[in-house]
Enquirer: 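One structure coming up, written as structure tokens, with questions to follow.
Since the structure is predicted, the reported quantities are computational estimates derived from the model, not experimental observations.
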Amino acid sequence: MARMAGKMALITGAAQGLGAAISHMLAKEGAKVTLTDINAQGAADTAAAINAEFGADTAFSFAHDVTDETRWQEVLQAGHDAMGGLNVLVNNAGIGTIGSVEDETYDAFRKVQAVDVDSIFLGCKYAMPLMRDHGLGSIINISSIAGIIASHNYVSYNAAKAAVRHMSKSIALHGAKTGGKIRCNSVHPTFINTPILDGVKAMFGEEEGLAKLARQVPLGRVGDPEDIAYAVLYLASDESKFVTGAELKVDGGISAM
Ligand code: NAD
């Protein structure tokens, strides 16, 4: 029995990287998926590949800037209508910058908060009323291990991902208080091999760049997108129906040190 049979999920930032892997995993387990991204062509291409593998009308895609309040309402409704409902929202789209509090510009700081934090406020605010109509609902917010462990030169990203962690708990408690049908949890990856690591690879060369990061991970490697997709699959499915307000660290042991 497929683990996501009958479920309908919207995933942001789904053109590439973790969003694409999560969309593929949920579709493989029987869900209908709506892929959104500011890179509309990338989202369309990923949706087409999913449909080619799992059948027509498994995946839909829409252009979506997650900082745009009006567009959130439009794509949630469009995804809901295309799939026949909405049970799962994966707030995955995110960006990061490198800079200490003295180096970072205020504009860069505000931009990271808008894409990583405001997006989750908007997505949850407008998805929850739609989700209540369709059985049990699950919201998964992709934070980072950087939301738990700080670095001297990730001031914007540390602030944003810590906000995602705590906001997820507030949303979880609200979901519990308003009928208990909608859960909300955060996922905290460490370094995962997606295009987000292109900068590190360009700086040190692919092999040495990944090796440098792997040396910081007790399990001795950088994660694969699938490692995160499996965690999201558990939280999205009803297997986790008693889990809300949790923070699932998928970090190869970094936070145990
Ligand atoms: P990625 O850069 O490969 O993909 C991010 C996607 O988000 C892209 O498709 C991009 O077009 C989209 N996006 C960017 N700004 C957007 C906007 N304003 N509106 C809509 N879409 C937008 O990154 P990834 O590694 O797949 O990261 C996905 C999530 O996982 C992010 O929230 C990131 O912070 C988090 N994360 C990643 C890692 C990692 O090492 N890969 C580690 C911890 C957390």
Enquirer: Answer yes or no: is there a donor N or O on one side and an acceptor on the other, between the side chain of R183 and the main chain of V243, under 3.5 Å?
Expert: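 Checked: pair present.
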Enquirer: So that I can tick it off, tell me whether R215 and E208 are bridged by a salt bridge, with the cut-off set at under 4.0 angstrom between side-chain N and carboxylate O.
Expert: yes
Enquirer: Does the pair T36 and S61 meet the rule for a side chain to side chain contact (heavy atoms under 4.5 Å, CB included), with working shown?
Expert: CA-CA 6 Å; T36 81; S61 72; over 6 Å; no
Enquirer: Under a 4.0 Å threshold between the charged nitrogen and the carboxylate oxygen, would K7 count as salt-bridged to D238?
Expert: yes
Enquirer: Restricting to pairs with a member in residues 69-80, which pass side-chain hydrogen bond (donor to acceptor under 3.5 Å, both in side chains), not counting sequence neighbours?
Expert: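 For residues 69-80, and leaving out neighbouring residues, the side-chain hydrogen bond (donor to acceptor under 3.5 Å, both in side chains) pairs sorted by first residue read E69-Y126, R71-E74, Q77-D81, H80-H134.
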Enquirer: With rounding to the nearest 0.5 angstrom, report the OG1 to CG distance, T12 to N141.
Expert: 9.0 Å
Enquirer: Quick one: pull up OG1 in T97 and CD in E104 and give me the separation to the nearest 0.5 Å.
Expert: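 Taking OG1 in T97 and CD in E104, the distance rounds to 3.5 Å.
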Enquirer: Please work out which of the three classes, parallel, tilted or perpendicular, describes the rings of Y157 and Y154, given edges at 30° and 60°.
Expert: tilted
Enquirer: Could you tell me whether the side chains of N185 and K169 share a donor-acceptor contact shorter than 3.5 Å?
Expert: no
Enquirer: Run the side-chain contact (heavy atoms from CB on, under 4.5 Å) test against K125 and tell me which residues pass, sequence neighbours left out.
Expert: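 F121.
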Enquirer: Does either side chain, that of H24 or that of E53, offer a donor lying less than 3.5 Å from an acceptor on the other one?
Expert: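 Yes, a side-chain donor-acceptor pair sits under 3.5 Å.
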Enquirer: Got a second to check how far S119's OG is from Q113's CD, nearest 0.5 Å?
Expert: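 So the OG of S119 and the CD of Q113 are separated by 10.5 Å.
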Enquirer: Please walk me through it: do D65 and T67 pass side-chain hydrogen bond (donor to acceptor under 3.5 Å, both in side chains)?
Expert: CA-CA 5 Å; D65 178 345; T67 66; 2.8 Å; yes
Enquirer: What I want to find out is whether K181 reaches D133 closely enough, with some N-O distance under 4.0 Å, to be called a salt bridge.
Expert: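 Not counted as a salt bridge, because no side-chain N and carboxylate O are separated by less than 4.0 Å.
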Enquirer: Measure the spacing between CD of E206 and CG of D198 and express it to the nearest 0.5 Å.
Expert: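 Answer rounded to 0.5 Å: 8.5 Å.
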Enquirer: Is it true that the side chains of S186 and H188 contain a donor and an acceptor less than 3.5 Å apart?
Expert: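 Yes.
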